[in-house]
Amino acid sequence: MDSQAMLSTGSTSSSAKIQFLQRQAASLLLYQSVLQSEVGIAFLELLQAIRYTDADGRGCLQAYGNYFHALAANNQNWEDYLISQILIAENPFSKQAQQQEFANIPVALVAAAQNDLHLLQSLYECSSAALSEWVQTVAHLPVSPVVWYKEQDKAEVENKAIASLHNSDNWADAVEDLAAYYRQCGTGLFAEYRALRWQGGNFVGIKHPDPVRLGIIAGYEPQRDALLKNTEFLLAGETALHVLLYGSRGSGKSSLVKALLNEYSDRNLRLIEVTKSELRDLPLIVEQLRGVPQKFIIFVDDLSFEEDDDAFKALKVVLEGNLTARPENVVVYATSNRRHLIREFYTDRPAPKDHEEIHVWDTMQEKLSFSDRFGLTLTFEGADQKTYLKIVRHLAAQAEINISQEDLEYQALQWATRHNGRSGRTARQFIDFLKADLAVSGIKNHTDEPE
């Protein structure tokens with residue numbers, strides 16, 4: 001057989017293989033979402049572009065470029081991408097698997113999941129190298145296009161569910177391991193992100209949450225320890241209290257809550273940020289978290305209310321409960337600079353002549369006692385000079401700033417006088433400035449040295 005005949009036979013074989021892959025993708029019963037992100041769409045469009053031997057070469061190259069770009073942007077190989085999408089997929093099987101034992105999942109759902117895993121394994125085996133070679137053939141290129149490749153993350157391979165898929169000859173056999181993964185790690189955004197925010201009626205993942213660690217927080221150790229203990233209750237499945245962190249600005253209240261995520265995210269803790277304007281959705285948010293394997297802190301920063309605020313009523317329902325049982329995997333941690341969260345005016349106070357005096361007093365007392373509805377209130381008093389300098393020394397040690405303690409404290413007090421007064425925030429700003437200043441000065445001095 002001459003070379004032209006061999007090429008023709010190879011092209012026909014490739015075309016049949018591509019059409020087979022397209023049928024596999026179209027036959028998914030539960031896991032359609034796996035192919036609905038940017039990479040999956042680019043993959044399907046590439047298959048369509050190279051399906052026929054007489055396809056437009058330029059269109060094929062453009063489709064391959066889009067596919068390569070999507071993989072590179074996600075920093076994943078095609079195989080790793082496919083498995084990562086399976087692990088976070090939300091569908092009837094994965095949702096039931098995260099809420100009950102595998103033996104209790106309907107047989108039809110298990111069969112459908114096995115069917116889809118078998119189909120997806122065919123797509124998994126279609127490597128980027130093979131696609132590159134098909135593009136070369138269809139576009140009549142002298143060499144195949146560059147293949148995207150990334151070394152596999154060893155930590156991911158050690159995960160049992162991921163290893164089962166990567167190493168299995170038959171993905172359908174891994175369905176029970178996959179169900180166990182969903183039961184432990186959940187699905188969807190809660191499996192993909194550690195931090196989220198509620199925005200416009202939906203959860204939105206936060207790709208780069210604040211990296212603040214508990215180690216940088218000093219001066220408020222009793223408050224920190226109480227919050228850690230309550231969070232441990234939550235993680236252990238015990239009843240945890242809603243917490244109000246009240247105190248002066250810059251004392252580290254918000255940083256302490258955000259640091260919990262970096263301390264406990266490996267134990268399935270998730271932090272959900274809810275702004276005051278979205279608090280009216282709080283009962284809806286809580287219901288969506290019920291039955292999910294993760295533990296959730298709903299974080300409300302800088303909390304205060306105006307009179308007749310709908311957000312006040314929504315938060316009250318969550319704190320006090322109603323006929324619906326409270327989910328054991330959800331707590332509210334709120335920060336505020338106000339001890340009394342609802343603004344009160346002198347005109348709100350009843351005068352002795354008022355005929356409705358007792359009812360007016362009841363209304364005012366409800367306002368004043370709203371903060372008491374949090375099970376635990378942690379008070380962060382303003383930093384005195386001793387506490388401020390303690391925080392400065394702690395942060396300076398962590399930043400490895402090498403100047404005398406006397407000079408450090410003198411500069412820190414000068415900074416507090418000229419800027420925002422004594423607080424944890426001021427101390428962190430001072431240390432950040434001092435560290436940068438010393439680094440730049442060191443570089444400049446080194447540059448200015450005569451050769």
Side-chain angles (χ1 to χ4, degrees), residues 74-76 80-81 83-90 94-95 97-99 150-166 174 177-198 203-218 221 223-241 243 245 252-274 285 288-299 327-333 398:
N74 279 271
N75 198 28
Q76 286 182 303
D80 296 329
Y81 158 80
I83 289 179
S84 69
Q85 292 300 303
I86 291 171
L87 295 181
I88 65 173
E90 278 193 311
S94 64
K95 287 182 177 179
Q98 74 174 349
Q99 295 178 350
K150 176 183 178 292
E151 288 291 338
Q152 205 167 41
D153 189 330
K154 292 182 180 179
E156 289 185 353
V157 176
E158 291 173 0
N159 180 286
K160 185 177 181 180
I162 297 176
S164 294
L165 295 176
H166 272 303
D177 286 339
L178 188 59
Y181 178 88
Y182 292 141
R183 186 161 176 79
Q184 178 185 355
C185 302
T187 64
L189 289 173
F190 301 141
E192 188 174 2
Y193 295 99
R194 301 180 301 134
L196 305 97
R197 66 170 54 92
W198 180 261
F203 292 110
V204 177
I206 299 175
K207 290 186 178 181
H208 306 290
D210 192 331
V212 61
R213 308 291 303 193
L214 285 172
I216 75 163
I217 298 170
E221 284 76 11
Q223 295 89 331
R224 180 199 63 194
D225 293 345
L227 192 65
L228 288 176
K229 179 179 287 189
N230 192 67
T231 305
E232 290 279 359
F233 293 160
L234 173 70
L235 296 173
E238 301 295 333
T239 301
L241 301 175
V243 182
L245 296 86
K253 304 181 296 297
S254 301
S255 294
L256 181 55
V257 176
K258 289 184 284 188
L260 295 173
L261 180 65
N262 300 311
E263 185 76 11
Y264 295 117
S265 61
D266 60 342
R267 292 174 60 182
N268 258 0
L269 181 67
R270 299 293 183 266
L271 190 65
I272 297 179
E273 182 181 56
V274 180
I285 295 170
Q288 292 194 35
L289 304 180
R290 186 186 300 275
V292 176
Q294 288 89 355
K295 311 296 183 182
F296 296 92
I297 294 174
I298 296 177
F299 176 42
E328 292 297 321
N329 65 330
V330 181
V331 291
V332 176
Y333 286 2
Q398 288 200 328

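These numbers were taken from a predicted model, which means no experiment stands behind them.
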Rounded distance [0.5 Å steps], [atom1] in [X] versus [atom2] in [Y]:
{"X": "N262", "Y": "L271", "atom1": "CG", "atom2": "CG", "value": "9.5 Å"}
{"X": "Y333", "Y": "L241", "atom1": "OH", "atom2": "CG", "value": "8.5 Å"}
{"X": "R197", "Y": "I206", "atom1": "CZ", "atom2": "CD1", "value": "4.0 Å"}
{"X": "L256", "Y": "L227", "atom1": "CG", "atom2": "CG", "value": "5.0 Å"}
{"X": "L261", "Y": "D266", "atom1": "CG", "atom2": "CG", "value": "10.0 Å"}
{"X": "L235", "Y": "L269", "atom1": "CG", "atom2": "CG", "value": "5.5 Å"}

Exercise. Are the side chain of E192 and the backbone N or O of G205 linked by a donor-acceptor pair below 3.5 Å?
Worked result: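 Not at all, since once roles are kept as given, no pair shorter than 3.5 Å links the two residues.
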Does any part of the side chain of [Y], heavy atoms only, come nearer than 4.5 Å to the side chain of [X], both counted from C-beta?
{"X": "K150", "Y": "Q76", "value": "no"}
{"X": "N268", "Y": "F190", "value": "no"}
{"X": "Y193", "Y": "I272", "value": "no"}
{"X": "L189", "Y": "I88", "value": "no"}
{"X": "F299", "Y": "S254", "value": "yes"}
{"X": "V330", "Y": "R290", "value": "no"}
{"X": "F203", "Y": "L289", "value": "yes"}

Taking all non-hydrogen atoms of both residues into account, name the closest pair between [X] and [Y] and its distance.
{"X": "V292", "Y": "N329", "value": "O-ND2, 3.1 Å"}
{"X": "Q288", "Y": "W198", "value": "NE2-CH2, 3.7 Å"}
{"X": "A89", "Y": "T187", "value": "O-CB, 3.6 Å"}
{"X": "A97", "Y": "R183", "value": "O-CB, 3.4 Å"}
{"X": "L165", "Y": "A174", "value": "CD2-CB, 4.0 Å"}
{"X": "R270", "Y": "S265", "value": "NH1-O, 3.6 Å"}

Problem set entry | E232 atom CD: more than 12 heavy-atom contacts under 6.0 Å |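 Yes, the 6.0 Å shell around CD holds more than 12 heavy atoms from other groups.
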